[in-house]
Amino acid sequence: MEKLGGTSEEEEEEGMDMDVKEEDDEDEDGRIRAMVAGAVEIGGGGRYFLALPDLPQESGDRADAPASASGSGSGSRRSRPAEEKERTKLRERHRRAITGRILAGLRRHGNYNLRVRADINEVIAALAREAGWVVLPDGTTFPSSQVSSLSLSLSLSLSSSPSFAFVGRPAAAAAVAIPATPTATAAPPSPTPPFRGIAPAGALRTLDHPSGRLKGVFTPPISAYDGHCRSVVPVAGASRAGEKVADSSPLIGSSTDSGNDKQLMDLIPRMPDRDFAGSPYVPVYVMLPLGVVNTYCELVDPDGLMEQLKKLKSIGVDGVMVDCWWGIVEAHIPQQYNWKGYMHLFQIVRDTKLKLQVVMSFHECGGKVGDDICIPLPQWVAEIGRSNPNIYFTDSEGRCNPECLSWGVDKERVLLGRTALEVYFDFMRSFRVEFDEFFEDGTICEIEIGLGPYGELRYPSYPVRHGWRYPGIGEFQCYDSFLQKSLKKAADARGHSVWARGPHNAGSYNSQPHETGFLCDGGEYNSQYGRFFLGWYSQVLVEHGDSVLFLAKLAFDGSSIAVKISGIHWWYKTASHAAELTAGFYNPCNRDGYAPIASMLKKHGAALNFTCTELHTLDHYEDFPEAMADPEGLVWQVLNAAWDVGIPVASENALPCYDRDSYNKILESAKPLNDPDGRHLSSFTFLRLSPVLMQNHNLLEFERFVKQMHALLVFTLPIKFFTYKPATTSYRMHYIKYFVMVHESNLANRLIFITFSLLCALETILLSYRNEVFP
């Protein structure tokens with residue numbers, strides 16, 4: 001990239017080592033003109049050009065200003081600050097309009113994946129990547145020769161026979177286990193094409209590849225072992241339409257320029273994964289299906305479940321998690337509990353020598369993504385709710401949500417003479433007595449206490465049944481009579497009875513923060529009233545958790561207990577963190593809203609179970625750039641809030657995942673790299689057991705993940721081997737994929753593995769040579 005020329009009164013471009021031509025706008029009779037022409041040199045002389053139109057004359061400029069007044073221009077500016085501010089605003093408006101037209105043209109005609117509000121840095125980075133340079137997220141730019149050589153070597157090693165691809169260390173083994181075959185020769189470097197997607201004829205062969213979406217702009221992931229390192233590689237088309245030469249390079253993305261039959265590909269070599277041998281052991285549990293016990297409290301398909309549990313045990317899974325539904329066990333009559341189906345289930349789990357995590361589910365099942373069944377609250381509770389809907393959470397429009405009981409009835413005797421806390425305690429005490437033998441022999445290792453919708457400690461602020469869709473901010477849920485009474489009491493105690501109301505300008509379920517007066521940047525959430533209301537709203541959440549956990553410690557004395565916190569990551573990059581506020585997490589940019597929750601859990605010795613550890617910020621940015629989501633930042637904040645007070649932290653995935661990138665992201669959060677305190681997750685629960693997980697390729701990938709969580713050294717070793725057939729006296733080639741697990745990452749085991757790899761490679765080469773000489 002030679003240079004980027006432009007006109008400006010600011011010299012920010014000098015820091016980017018670009019030549020900037022400055023012209024004083026006073027020298028052109030008051031007319032503001034800006035012309036930005038960028039030329040990107042590519043390889044053999046091809047260039048990209050961006051020409052911007054002249055700017056219109058500003059109304060505030062004087063047409064009769066002398067052209068030679070540059071010497072006195074600075075003094076004129078000092079004497080007219082208001083006029084200069086207006087001129088600056090107009091100039092900035094023109095620049096934004098030009099930038100918008102540039103981005104629209106690149107997106108429409110150049111297939112660049114630029115966001116609507118991309119700035120000039122992103123445009124320059126896109127052009128630099130197109131020219132064959134590598135641009136890192138921090139702006140570091142360097143030629144792609146080193147990355148290209150790495151990609152070429154990986155491509156040849158994967159397409160050659162035999163091939164050994166190590167995913168993990170040791171590096172020495174990987175170096176010696178990728179032999180070069182006589183038939184595999186590197187293609188000579190081709191000149192870089194002069195235009196996007198165009199290359200000289202015959203420079204490279206056209207590759208067979210699956211069709212995919214063009215990715216003209218790529219931002220490398222933050223994680224060092226996140227699984228992707230991309231470089232854009234131009235590929236020439238065949239000499240005639242339809243001609244293709246097979247090649248086995250791992251090409252992921254592709255595009256075809258109309259009329260030229262040219263292609264641009266994204267080459268994605270997989271970088272070595274991090275070696276987790278010797279890291280802390282993190283138990284892995286699998287959540288059982290929601291309907292494993294039906295509404296009649298009968299175990300569904302015990303034989304099929306037994307087979308699935310045996311498979312999980314064979315790959316090293318530590319245990320399973322299961323929901324004990326309040327709506328099933330105490331469905332018809334208060335304090336009459338039916339545990340029959342769960343007793344059968346627990347016996348099967350014990351027979352397979354797996355551990356049990358049990359969830360006390362005091363909420364409704366159904367309505368959430370992934371919920372395939374409906375389990376409502378007990379029938380006798382629903383009857384009370386029909387006559388007194390205030391036992392449920394209520395929004396500002398008076399709509400009740402029967403997912404769970406309002407926290408306002410925790411100490412109100414509205415449930416046939418009992419409070420909600422007494423109902424929860426009776427249920428937990430009955431469970432502890434019924435399954436005493438499973439506690440005594442250690443089969444039940446942890447109890448998770450449901451504290452809200454979906455078993456999470458939060459308000460039901462984004463119910464799908466009321467029309468919420470991602471990434472809406474949700475609504476405050478404090479308008480039932482019991483919570484309104486609590487709010488009025490808090491306002492009177494503060495001396496401001498007028499504050500005994502919810503915010504009237506907080507938007508609706510699908511609003512965005514900037515569309516509201518309460519949650520926008522600089523909005524009323526940060527006023528005296530806003531801080532009072534949000535403090536009370538979040539304190540009700542903490543007090544509910546504190547009260548229920550106090551009773552849970554009494555019911556499960558001596559057993560480990562945990563609480564699940566939801567990962568509300570959308571709008572995390574805004575000042576107000578609007579979606580978190582409506583859910584009860586008082587976590588704006590100037591306050592840590594998770595520290596009080598962590599302190600409350602510390603008081604009761606409870607672990608924190610957090611979700612969304614598998615999510616990538618970049619993925620959410622690509623799919624929903626307007627959501628301002630940051631799941632990685634949220635995970636880091638919550639985990640550190642818990643670790644700072646010294647409580648165990650467990651995790652589970654928010655959405656089903658079966659790919660290696662998601663598993664690597666979980667591993668990154670479970671075992672932070674180079675953490676000075678050696679902190680790590682206490683356990684991980686996979687969501688959830690299903691036929692998809694039991695598919696061979698998904699189960700193999702999951703097994704690899706389990707071994708890494710268990711701190712085992714894992715190698716993925718594809719090997720070609722030959723099977724002799726006496727009937728035809730010929731050889732057949734087959735691919736197999738197996739895992740070599742070394743429990744101790746010591747030198748002897750590594751040497752044994754390297755020797756084994758060399759012997760396999762030598763044998764395969766000799767057999768290949770024999771086939772060529774003696775067909």
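Every value quoted in this text rests on a predicted model; they were computed, and no experiment measured them. The residues of the chain are indexed from 1 along the displayed sequence.
Listed for the Arg688 side chain is a donor-acceptor partner under 3.5 Å among the backbone atoms of Leu288. With hydrogens and angles ignored, the 3.5 Å screen pairs no side-chain donor or acceptor of Lys355 with any backbone N or O of Ile444. Looking only at distances, no side-chain donor or acceptor of Trp570 sits under 3.5 Å from a matching main-chain atom of Met628.
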Are Leu290 and Asp323 close enough, and set up right, to give a side-chain contact (heavy atoms from CB on, under 4.5 Å), and what steps lead you there?
CA-CA 7 Å; Leu290 294 171; Asp323 291 275; 4.1 Å; yes

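In terms of the ring pair (Phe, Tyr, Trp, His ring centres under 6.0 Å) criterion, residue partners of Phe585 (sequence neighbours excluded) are, by chain and number, Tyr594. Applying the ring pair (Phe, Tyr, Trp, His ring centres under 6.0 Å) test to His680 and every residue at least two apart in sequence or in another chain returns nothing. Judged as a side-chain hydrogen bond (donor to acceptor under 3.5 Å, both in side chains), and not counting sequence neighbours, the contacts of Gln357 are Glu446, Thr685. By the side-chain hydrogen bond (donor to acceptor under 3.5 Å, both in side chains) test, Tyr572 is found to be paired with Gln637, residues two or more places apart in sequence or in another chain being considered. With sequence neighbours excluded, no residue satisfies ring pair (Phe, Tyr, Trp, His ring centres under 6.0 Å) with Trp571. By the side chain to side chain contact (heavy atoms under 4.5 Å, CB included) test, Thr443 pairs with Arg350, Leu356, Phe438, Asp441, sequence neighbours left out. By the side chain to side chain contact (heavy atoms under 4.5 Å, CB included) test, Thr613 pairs with Val635, Ser651, Ile666, Ser669, Phe684, sequence neighbours left out. In this structure Ser662 satisfies the side chain to side chain contact (heavy atoms under 4.5 Å, CB included) test together with Glu614, Cys657, Asp659, sequence neighbours excluded. Considering only residues two or more places apart in sequence or on other chains, Asp675 meets the salt bridge (Lys or Arg N to Asp or Glu O under 4.0 Å) condition with Arg679. Scanning for side chain to side chain contact (heavy atoms under 4.5 Å, CB included) contacts around Tyr281 gives Pro283, Asp318, His710, with sequence neighbours left out. With sequence neighbours excluded, no residue satisfies side-chain hydrogen bond (donor to acceptor under 3.5 Å, both in side chains) with Ser683. Residues passing the ring pair (Phe, Tyr, Trp, His ring centres under 6.0 Å) test with Trp643, sequence neighbours excluded: none.
Ring-plane geometry between Tyr470 and His569 is classed as tilted, the angle between the planes lying from 30 to 60 degrees on a 0 to 90 degree scale.
Looking at heavy atoms from C-beta onward, Cys445 lies in side-chain contact with Tyr285 at the 4.5 angstrom threshold. Using a 4.5 Å heavy-atom threshold, the side chains of Asn609 and Val563 count as separate.
Using modelled atom types and a 3.5 Å distance limit, the side chains of Ser279 and Lys671 yield a donor-acceptor pair.
The one candidate from Leu700, Val706, Leu699 that meets the side-chain contact (heavy atoms from CB on, under 4.5 Å) condition with Glu703 is Leu700.
Interatomic distance, Leu457 CG to Leu601 CG, rounded to the nearest 0.5 Å: 7.5 Å. Atom CZ of Arg704 is separated from atom OH of Tyr663 by 10.5 Å, given to the nearest 0.5 angstrom.
Ion pairing of Lys564 with Glu652 is present here, as a side-chain N (NZ or NE/NH1/NH2) and a carboxylate O approach within less than 4.0 Å.
Annotation: Asn696, atom CG; neighbour count of heavy atoms from other residues, nucleotides and ligands within 6.0 Å does not exceed 12.
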